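Just so it is clear, the model here is predicted, and its values are computed rather than measured.
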Amino acid sequence: MNRTEVGALLAYAVRLDLRLTPETQADADERLDQWYELLADVPPTAPHPDGRDWNAAHVVKHHIASSPYRIQPSDVSRPWYAFKADTLGRHTDPVPPVDPDNAPAYRAALRGTRQAIATGQAAPAVYRELTGGSTRDARDEFAAARLAAIGSSYVPRDVRDALTPWRRTRAQREGLAAAGQPDPLNIPCPWEPCRAAAGKPCQQGSKHRSDRATPHPARIDAATAQHYAQQAAA
């Protein structure tokens, strides 16, 4: 909050609890200085992924209504830092709109997103977890359907295991399907310079294209979101 916002919050607290009324203008200025020093990093409002949004005025009102003690600026700052820690703990980094192969730019974009969330300027990105409602049979059916979508003719397990080093991509996809984990190759790569088709590995290089050892982060994130959305809807 800036100094004006802190002053408005302090005036609101005085209106709710007349014991806070300063005796002189000097006392009022000193108290404002104290509150501003502790609340400069606290936003007046901030979003929360569960809808339990932060509101500094609500914190002030709750304290005055529930505590016999006069409110202090730390009674606002402490709940904010707990709120911020909870929000950042739920955050899943979205894909920044930068080249993932440009590591410095990619990290800078991630830091910018986290800073915006930490200061209440942006809502965290959260993938909904799968909780309850699923059984082993349902997971097995889902995995079997994915394996069928990958497609295979019959190969004895011992032969397939022996061939794994020479068919690594397919083995990885089968392993993900059997474990019920997201498979990035189920969808086309959404990163513009790549645009690899579904089932094909991501590409790298501008003139001489070659397969990447791992999918682009944008493809991983998109496949993860799709995977959990499909299971939640099942």
Minimum side-chain heavy-atom gap Asn186-His227 below 4.5 Å: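 With C-beta onward as the side chain, the pair stays apart.
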
Trp191 side chain near Pro217 side chain, heavy-atom distance below 4.5 Å: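 Of all side-chain heavy-atom pairs linking Pro217 with Trp191, none is under 4.5 Å.
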
Where is the tightest heavy-atom contact between [X] and [Y], given as atom of each residue plus distance?
| X | Y | value |
| --- | --- | --- |
| Pro184 | Ile220 | CG-CG1, 3.9 Å |
| Ala196 | Pro201 | CB-O, 3.3 Å |
| Leu185 | Pro215 | CD1-CG, 4.1 Å |
| Val6 | Trp35 | CG1-CB, 3.7 Å |
| Pro79 | Val59 | CG-CG1, 4.1 Å |
| Gln204 | Asp211 | NE2-O, 3.5 Å |

Quick one: side chains of residues 64-74, donor-acceptor pairs under 3.5 Å with protein atoms, not counting sequence neighbours, listed by atom name and distance.
{"unit_1": "Ser66", "atom_1": "OG", "unit_2": "His62", "atom_2": "O", "d": "2.6"}
{"unit_1": "Ser67", "atom_1": "OG", "unit_2": "Tyr69", "atom_2": "N", "d": "3.1"}
{"unit_1": "Arg70", "atom_1": "NH1", "unit_2": "Arg19", "atom_2": "O", "d": "3.4"}

Measure the spacing between [atom1] of [X] and [atom2] of [Y] and express it to the nearest 0.5 Å.
| X | Y | atom1 | atom2 | answer |
| --- | --- | --- | --- | --- |
| Asp53 | Thr45 | CG | OG1 | 8.0 Å |
| His216 | Cys189 | NE2 | SG | 5.5 Å |
| Gln25 | Glu30 | CD | CD | 12.0 Å |
| Lys84 | Ser77 | NZ | OG | 11.0 Å |
| His63 | Leu16 | NE2 | CG | 11.5 Å |

With sequence neighbours excluded, residues passing ring pair (Phe, Tyr, Trp, His ring centres under 6.0 Å) with Tyr36: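 None.
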
Flag, side chain of [X] to backbone of [Y], donor-acceptor distance under 3.5 Å:
| X | Y | result |
| --- | --- | --- |
| Arg195 | Gln203 | no |
| Glu192 | Pro190 | no |
| Trp54 | Trp80 | no |
| Glu5 | Asn2 | yes |

Asp27 and Thr24: side chain donor to acceptor below 3.5 Å: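 There is such a pair (donor and acceptor under 3.5 Å, judged by atom type) between the side chains of Asp27 and Thr24.
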
CD/Gln34: more than 12 non-hydrogen atoms of other groups inside 6.0 Å: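 Counting neighbours around CD of Gln34, more than 12 heavy atoms of other residues, nucleotides or ligands fall under 6.0 Å, so yes.
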
By salt bridge (charged side-chain N to carboxylate O under 4.0 Å, His left out) - contacts of Glu23 (at least two apart):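 Once residues adjacent in sequence are excluded, Glu23 has no partner under the salt bridge (charged side-chain N to carboxylate O under 4.0 Å, His left out) criterion.
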
Verdict with reasoning, Asp33 to Arg3, per side-chain contact (heavy atoms from CB on, under 4.5 Å): CA-CA 9 Å; Asp33 289 341; Arg3 192 176 181 84; 2.4 Å; yes

Asp183 bridged to Arg219 by N-O distance under 4.0 Å: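 Looking at Arg219 together with Asp183, the answer is no, because their closest N to O distance does not fall below 4.0 Å.
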
